[in-house]
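Comments concern the structure below.
This structure is a prediction, so every number in the text was calculated from the model and none was measured.
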Amino acid sequence: MPGAAHVPRAGGIAERARAMAAPRRAAGASYLVGLNPEQREAVETVEGPLLVLAGAGTGKTRVLTTRIAHILSLGLAWPSQILAVTFTNKAAREMKERIGGIVGEEVEGMPWLGTFHSIGVRMLRRHAELVGLRSGFTILDTDDQIRLLKQILQAEDIDDKRWPAKMLASTIDGWKNRGLTPEQVPAGEGATFANGRGKMLYAAYQARLKALNAVDFGDLLLEGIRLLRENPDVLAEYHRRFRFILVDEYQDTNVAQYLWLRLLAQGSRNVCCVGDDDQSIYGWRGAEVDNILRFESDFPGAKVIRLERNYRSTGHILGAAGHLIAHNEGRLGKTLFSEGAHGEKVTVTGAWDSQEEARAIGEEIEDLQRQGHSLSDIAILVRASFQMREFEERFVTLGLNYRVVGGPRFYERAEIRDAMAYLRCIAQPADDLAFERIVNVPKRGLGDVALRQIHEQARAAGVPLQEAARQLVGSDALKPKVRLSLMDLVQSFERWREQAAQMPQNQLAEIVLDESGYTGMWQKDRSADAAGRLDNLKELVRSMEPFENLTGFLEHVSLVMDTEGAAGQDAVSLMTLHSAKGLEFDTVFLPGWEEGLFPNQRALDEQGRAGLEEERRLAYVGLTRARYRAKVYFASNRRIHGLWQSSVPSRFLDELPDGHVEVTESKGGTGWGGGQANGASRRYGYGPSRFDQAETFGSTYSTPGWQRAQAAKGGSFGGRSGGAGGSGGFAEPASRFGGVSGHAAGRASGGRGSGGRLIEGQLIATSTGPASAFKRGERVFHQKFGYGDVVGVEGNKLTVQFDKAGEKHVVDSFVQPA
């Protein structure tokens with residue numbers, strides 16, 4: 001194919017386009033049909049730097065692909081002279097297919113259309129020797145990377161239990177995402193691992209990679225940056241090659257990707273970046289929203305085109321989402337609008353607890369199904385994966401098909417399978433599969449050789465693996481270190497089996513996960529998903545509480561897991577908000593909008609205002625996934641980490657505008673506990689809120705969730721002004737976003753039934769602490785449910801048989817003696 005020299009350089013691009021494309025303009029103009037004015041301007045602006053701010057559902061992909069087709073159709077560049085970068089292979093394939101649909105086979109000549117990593121590999125293979133590699137270098141996967149780091153830790157005599165290789169891998173990956181070579185790592189950061197040896201270990205790791213002629217994924221860009229910086233002739237070659245540079249999802253670029261692009265973009269002013277600063281939700285994995293915010297300063301004279309005409313959502317959904325995201329300070333600003341109908345208002349519904357939340361959403365889905373709506377057009381988007389379990393079990397009960405998108409079902413997750421294997425080994429000592437799974441998880445020196453010896457003993461004696469392990473411990477067949485480790489495991493199982501008969505199974509599970517070292521393993525893990533895995537384990541422990549014994553719980557899980565997957569079926573989609581980006585559904589349910597859960601407390605603690613703004617962008621992404629119906633839920637009480645916690649509705653609810661929102665009753669049964677307040681708070685049982693007066697909706701709080709909490713001091717939350725021994729209202733600001741109510745703080749500080757625990761900085765009333773002052777058989781009164789008799793007491797939670805409302809579970813501070 002002809003090279004760059006065959007394209008005339010005289011005059012500006014626009015003039016050359018007119019001269020070269022006149023004969024085929026009539027034929028090529030068909031691809032412009034159907035573009036709105038803003039989209040067409042973005043496609044036809046081919047000269048100079050361009051930032052296309054493309055809001056959710058505004059046709060971003062169509063603009064990007066049509067722009068490339070336009071450049072090719074006008075003959076402004078050969079396919080090999082266009083660099084088009086995406087984030088996923090799926091996006092790259094879709095882009096290539098769409099371009100091919102316009103320009104035909106010409107798209108096959110685009111070798112520089114792909115992901116950052118695929119293009120980075122292509123460049124490195126061509127110039128490998130310039131960065132100390134050979135062209136056939138190996139790309140290590142995560143397992144190989146950790147294995148290599150373990151060797152380096154051992155060589156340096158560093159305890160890999162205290163300083164795990166996974167933690168070092170995550171630390172190095174973070175440095176590479178920021179474009180830092182070992183010598184560029186700040187001394188303070190290098191000192192955070194292995195008593196100041198992090199920087200040295202990073203350098204040793206890089207040297208070992210070179211010796212192996214290998215790279216990891218971070219090197220694909222880091223070495224590319226070094227290649228371009230240290231070899232001006234190579235950089236000049238790519239400057240001559242790339243006439244046009246286009247970048248998709250620019251808001252998700254990290255520092256290394258930004259530096260790599262900036263180096264390549266110095267040779268051409270024809271840089272087009274497409275993205276949406278309001279959808280930058282990957283800061284936790286290195287994405288820098290500032291990259292898109294400073295585009296105009298990086299590329300002086302840049303043109304900014306805003307795509308604000310939304311083709312996905314109704315007017316009410318866009319109005320609610322736009323008003324919410326306007327509270328962010330760090331944004332370029334745009335206002336989405338729809339030319340279609342306003343549609344249904346966004347609904348906000350309060351539930352008594354997460355179980356009622358799941359029941360209510362299940363009933364709404366069944367209603368939609370009866371009205372003829374497809375389940376595949378319905379999604380539930382959660383902030384944290386542990387929220388999924390309640391919905392999964394509810395759907396199994398209802399017989400509703402569901403699919404978990406972006407990950408396995410709750411009981412299929414690796415950490416849950418590991419925990420379940422421990423419990424199966426206790427309840428069923430002959431379960432060899434479970435024993436095999438956890439005999440060396442976490443690592444305890446019982447590798448393949450030890451397991452083979454246990455298998456041989458089991459076959460010889462005709463006994464299960466656990467019994468074979470017990471027999472081996474009493475012999476000299478094993479090495480002393482291995483025997484001691486196996487003895488500890490065998491004795492632990494015997495001890496746990498005795499404890500199983502003496503305590504509730506949820507307490508037993510907590511002890512097993514702690515004493516086995518399994519919880520500690522994930523606490524030491526620095527990977528991005530470690531915190532989520534810990535949350536899932538806590539949710540597993542919580543889920544065991546309603547069952548009479550461990551066997552009953554294991555049987556229940558077996559029945560849940562027996563449900564066939566929903567592949568190819570009409571099924572509800574269940575996923576996290578992060579997994580939902582880029583997807584759309586007719587109806588979207590958004591449960592768990594409570595302070596501490598959403599916005600997530602961890603994000604607030606670690607990142608402050610930046611974390612809050614990213615959480616708000618996540619809420620915006622969630623709302624804009626909906627075409628016709630967006631339904632937000634929040635709960636008055638949520639069981640988090642096995643403990644009851646009274647919740648404050650999310651501040652994001654106060655940032656939704658009255659004109660686009662409707663407050664509704666829960667369809668799941670009880671609703672919020674009866675309160676003393678008027679209006680909506682009478683329904684939901686929290687103190688005075690702007691839900692009570694629609695005209696003040698979203699207009700009277702500087703920090704809404706907290707202001708509502710402050711307003712409720714001395715007032716009512718759930719119909720009561722604080723537990724005995726407490727100060728009433730809400731807890732002090734230390735637990736400001738934790739949603740700890742006065743009755744919880746009061747009880748924990750020495751009031752009636754002082755069953756409190758300090759968990760992650762929050763004082764929360766436990767459900768397994770000292771017994772409530774109420775006794776079985778006592779007559780009580782509840783503001784909403786009326787009179788009833790206490791039939792069960794569990795910590796601060798009562799089971800009450802109400803005269804009219806039937807049996808309900810309530811926290812004792814919501815009732816009073818009759």
Q | Separation between CG of Leu550 and CD of Gln428, rounded to the nearest 0.5 Å | A | 8.0 Å
Q | Spacing of OG1 belonging to Thr314 relative to CD belonging to Glu344, to within rounding of 0.5 Å | A | 8.0 Å
Q) How are the rings of His342 and His660 set to each other: parallel, tilted or perpendicular (split at 30° and 60°)? A) tilted
Q) Relative to the ring of Phe391, is the ring of Phe395 parallel (under 30°), tilted (30 to 60°) or perpendicular (over 60°)? A) tilted
**Q.** Residues Arg394 and Glu390 bridged, charged N to O under 4.0 Å
**A.** no
**Q.** Distance-only side-chain donor-acceptor flag, Thr349 / Thr664, under 3.5 Å
**A.** yes
Q: Using salt bridge (charged side-chain N to carboxylate O under 4.0 Å, His left out) as the criterion, list what pairs up with Arg424, not counting sequence neighbours.
A: Asp431
Q. Are any side-chain N or O atoms of Glu614 and backbone N or O atoms of Gly611, one a donor and one an acceptor, separated by less than 3.5 Å?
A. no
Q: List for me each residue that meets salt bridge (charged side-chain N to carboxylate O under 4.0 Å, His left out) alongside Asp514, sequence neighbours excluded, and say none if there are none.
A: none
Q: Please say whether more than 12 non-hydrogen atoms of neighbouring residues, nucleotides or ligands are located less than 6.0 Å from OH in Tyr628.
A: no
Q) Of Val512, Ile426, Leu508, which is the lone residue that meets side chain to side chain contact (heavy atoms under 4.5 Å, CB included) with Gln499? A) Leu508
Q. With a 4.0 Å cut-off, would you call Glu393 and Arg389 a salt bridge?
A. yes
Q.
For Phe386, is there any backbone N or O sitting under 3.5 Å from a side-chain donor or acceptor partner on Asn536?
A. yes
Q: Compare every heavy atom of Ala351 with every heavy atom of Glu356, then report the nearest pair and how far apart it is.
A: OE2-CA, 3.6 Å
Q) Can you list the residues that meet the side-chain contact (heavy atoms from CB on, under 4.5 Å) rule with Thr519, with sequence neighbours excluded? A) Leu513, Gln523, Leu534
(Q) For a side chain to side chain contact (heavy atoms under 4.5 Å, CB included) check, start with the C-alpha distance between Lys775 and Val793, then their side-chain angles and the critical distance, and finish with the verdict. (A) CA-CA 7 Å; Lys775 304 297 182 186; Val793 180; 5.9 Å; no
Q: Report, as yes or no, whether the 6.0 Å neighbourhood of atom CD on Glu548 holds more than 12 heavy atoms from other residues, nucleotides or ligands.
A: no
Q) Under the 3.5 angstrom rule, does the side chain of Glu415 hit a backbone N or O of Leu537 as a donor-acceptor pair? A) no
Q: Using the side chain to side chain contact (heavy atoms under 4.5 Å, CB included) rule, take Asp367 and His373 through it: C-alpha gap first, then chi angles, then the decisive distance, then the call.
A: CA-CA 9 Å; Asp367 285 345; His373 295 278; over 6 Å; no
Q) How close do Arg651 and Pro599 get, heavy atom to heavy atom, and via which atoms? A) NE-CG, 3.8 Å
Q: Hey, can you tell me if Tyr787 and Phe781 have their rings parallel, tilted or perpendicular (30° and 60° cut-offs)?
A: tilted
**Q.** Ion pair check, Asp658 and Lys345, cut-off under 4.0 Å
**A.** no
Q: Identify the heavy atoms of Gly592 and Glu357 that sit nearest to each other, and give their distance.
A: N-OE2, 3.0 Å
Q) Given Val815 and His782, is the side chain to side chain contact (heavy atoms under 4.5 Å, CB included) satisfied, shown in steps? A) CA-CA 5 Å; Val815 300; His782 187 281; 3.8 Å; yes
Q) Rounded to the nearest 0.5 Å, what separation is found between the CD atom of Glu665 and the OG1 atom of Thr347? A) 12.5 Å
Q: Check whether any side-chain heavy atom of Ile325 sits under 4.5 Å from a side-chain heavy atom of Leu623, and report yes or no.
A: no
Q | Check: Asn506 main-chain N/O paired with Glu545 side-chain donor or acceptor under 3.5 Å | A | no
Q) So do the side chains of Thr576 and Gln387 get within less than 4.5 Å of each other, counting heavy atoms only? A) no
Q) Distance from Leu597 atom CG to Arg638 atom CZ, nearest 0.5 Å? A) 5.5 Å
Q: Go through the structure and list residues passing salt bridge (charged side-chain N to carboxylate O under 4.0 Å, His left out) with Glu778, not counting sequence neighbours.
A: none
Q: Evaluate the side-chain proximity of His578 to Leu618: yes if any heavy-atom separation is below 4.5 Å, no if none is.
A: yes
(Q) We want to know whether Glu392 and Tyr402 form a side-chain donor-acceptor pair, criterion being a heavy-atom distance below 3.5 angstrom. (A) yes
Q: Before giving the answer on side chain to side chain contact (heavy atoms under 4.5 Å, CB included), spell out for Met420 and Phe553 the whole-Å C-alpha distance, their side-chain angles and the decisive distance to 0.1 Å.
A: CA-CA 10 Å; Met420 292 293 296; Phe553 171 71; 3.7 Å; yes
(Q) Please verify the inter-ring angle class for Phe589 with Tyr633; under 30° counts as parallel, over 60° as perpendicular, anything in between as tilted. (A) tilted
Q) Measuring from Leu540:CG to Phe410:CZ, what's the distance to the nearest 0.5 Å? A) 5.5 Å
Q) Nearest heavy-atom pair of His323 and Leu656: which atoms, and what distance? A) ND1-C, 4.4 Å
(Q) I'd like to check the salt bridge (charged side-chain N to carboxylate O under 4.0 Å, His left out) partners of Arg776; sequence neighbours left out, ordered by chain and number. (A) none
(Q) Using a strict threshold of under 4.0 Å (side-chain N to carboxylate O), is an ion pair present between Glu498 and Arg495? (A) no
Q) Any idea which heavy atoms bring Tyr422 and Phe493 closest together, and the distance? A) O-CE2, 3.8 Å
Q) What residues form a side-chain contact (heavy atoms from CB on, under 4.5 Å) with Asn600, not counting sequence neighbours? A) Arg383, Arg602, Ala603, Glu615
Q.
I need the Phe774 CZ to Gln816 CD distance, nearest 0.5 Å.
A. 8.0 Å
Q.
Testing the basics here: between Leu400 and Glu366, what is the closest heavy-atom pair and its distance to 0.1 Å?
A. CD1-CG, 4.2 Å
